[in-house]
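Bear in mind that the values here come from a model prediction, so they are computed numbers and not experimental data.
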Amino acid sequence: MVEIAKALSFNSDVLIMDEPTAALTETEIDELFTIIRRLRDQGVGVVHISHRLEELKQISDRITVMRDGRYIDTVNTPEVTIERIISMMVGRTIYESTPEVPENPSQEVVLEVKNLNRGREIKNVNFKLKKGEILGFSGLVGAGRTEVARAIFGADPIDSGEIYINGQKVVIHSPTDAVNHGVAYLSEDRKRYGLTLKLDVENNIVLASFKKFLSKIGWINKAKTRATSQEYVTSLSIKTPSLGQKVMNLSGGNSKK
């Protein structure tokens, strides 16, 4: 909110807002949109960048779609559907159907956390994750969601608590321990925690599993790393000139993949 106030203080003719709602509550978003509409009525031109399509429908007069760094089209907001916007964004029609919930979901627990504590950030957290289940953690920014994930993965040390994987108690002191126990982590801040930006696509893809590509004498088998990286570039449709492209030069969406 302070960053937004700073931008507003310039009394500018053009205001570019790059995903300003990402860390705001619903009430704060409503306040922001009220301010944006007032600025528009005063003659200020506003560019509002967002991946939240409902948000664009709510606040914008026109929507311009970009894909892979290229201009696709500009449409009048009242005349376009969410489905049409998605189609322009991905280059094809996306058909969504409600997933079926299994009649007899698995009761097998693959991850259990008991009495997890870390300083003032995590206090007595307990939960179970079952096989084939998606467990959601919700809360405002600073509520401790990320801290719980980092603690389980060994990125941050814990003060006390127990972690069980497939019913077996494990000790995780580092991300290496977590990976060895079959736990993977996708960070919310990929540039800071998820990627080595100055390394290429190939090395970033195999980084967490380098041991699999070592020969008996300790050399990296480049043929295997190249083949594995190409497999994932193809299956995830990562747009890159080559496996040797530095990750820092990829677009946001492709670096996420």
Side-chain angles (χ1 to χ4, degrees), residues 3 18-24 49-53 66-69 89-90 110-111 113 116 118-119 121-122 125 127 129 133-158 163 165 170-214 220-222 224-257:
E3 286 292 319
D18 191 353
E19 301 208 36
T21 61
L24 300 183
I49 301 172
S50 179
H51 62 274
R52 298 178 177 178
L53 302 186
M66 304 284 293
R67 185 173 73 243
D68 297 329
M89 288 171 59
V90 301
V110 292
L111 173 66
V113 172
L116 189 68
R118 183 178 188 275
E121 300 170 327
I122 307 171
V125 170
F127 68 88
L129 174 66
E133 178 182 54
I134 299 173
L135 175 64
F137 276 51
S138 65
L140 299 177
V141 173
R145 302 161 303 168
T146 298
E147 288 77 8
V148 168
R150 286 178 56 84
I152 294 171
F153 191 63
D156 295 327
I158 64 173
I163 299 174
I165 296 178
V170 298
V171 177
I172 298 177
H173 291 304
S174 68
T176 299
D177 293 338
V179 170
N180 289 336
H181 286 296
V183 179
Y185 176 61
L186 297 180
S187 64
E188 62 176 344
D189 187 342
R190 66 183 182 282
K191 290 184 177 180
R192 186 176 180 185
Y193 298 116
L195 296 168
T196 304
L197 297 176
K198 293 185 179 181
L199 288 184
D200 57 28
V201 172
E202 178 180 337
N203 279 289
N204 269 276
I205 289 178
V206 301
L207 196 58
S209 53
F210 251 144
K211 288 184 179 179
K212 293 169 54 178
F213 303 98
L214 293 177
I220 296 173
N221 189 325
K222 293 296 291 182
K224 286 187 177 180
T225 62
R226 194 172 298 113
T228 299
S229 299
Q230 186 59 58
E231 175 186 343
Y232 285 104
V233 164
T234 301
S235 63
L236 295 175
S237 299
I238 300 174
K239 297 189 182 300
T240 176
S242 70
L243 295 177
Q245 174 71 283
K246 289 184 178 180
V247 170
M248 63 188 293
N249 294 326
L250 296 182
S251 68
N254 285 298
S255 66
K256 284 181 182 178
K257 294 178 183 179

Sequence neighbours excluded, every pair satisfying salt bridge (charged side-chain N to carboxylate O under 4.0 Å, His left out) that has a member inside residues 135-152: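 Sorted pair list: Arg150-Asp156.
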CD1-NE2 distance between Ile163 and His181, expressed to the nearest 0.5 angstrom: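 NE2 of His181 is found 9.0 Å from CD1 of Ile163.
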Distance, nearest 0.5 Å, that separates OG1 of Thr225 from CD1 of Ile205: 10.0 Å
Close side-chain approach of Leu214 to Ile220, heavy-atom, < 4.5 Å: yes
Non-hydrogen side-chain atoms of Val247 and Asp200 separated by less than 4.5 Å: no
Over all atoms of both residues, closest heavy-atom pair of [X] and [Y]:
X: Ser187; Y: Gly194; result: OG-N, 3.4 Å
X: Gly154; Y: Pro175; result: O-CD, 3.4 Å
X: Asn249; Y: Gln245; result: ND2-OE1, 3.3 Å

Just checking [X]: does its [atom1] atom have more than 12 heavy atoms from other residues, nucleotides or ligands closer to it than 6.0 angstrom?
X: Leu186; atom1: CG; result: no
X: Glu133; atom1: CD; result: yes
X: Phe210; atom1: CZ; result: yes
X: Lys257; atom1: NZ; result: yes

side-chain hydrogen bond (donor to acceptor under 3.5 Å, both in side chains) against Asn254, all qualifying residues, sequence neighbours excluded: Ser251
Inter- and intrachain pairs under ring pair (Phe, Tyr, Trp, His ring centres under 6.0 Å), touching residues 185-206, at least two apart: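 Ring pair (Phe, Tyr, Trp, His ring centres under 6.0 Å) check on residues 185-206 returns Phe153-Tyr185.
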SB check Glu202 Lys222 (cutoff 4.0 Å):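 Judged by the 4.0 Å cut-off on N to carboxylate O distance, Glu202 and Lys222 do form a salt bridge.
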Sidechain-backbone polar pair: Asp177 side chain, His173 backbone, donor-acceptor under 3.5 Å: yes
Exam field: side chain Thr196 to backbone Lys198, donor-acceptor pair closer than 3.5 Å: no
Short side-chain donor-acceptor distance under 3.5 Å, Thr146 and Glu188: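 Present: a donor and an acceptor within the cut-off.
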Thr234 and Gln230 side chains, donor-acceptor separation under 3.5 Å: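 Checked: Gln230/Thr234 side chains pair up, N/O donor to acceptor below 3.5 Å.
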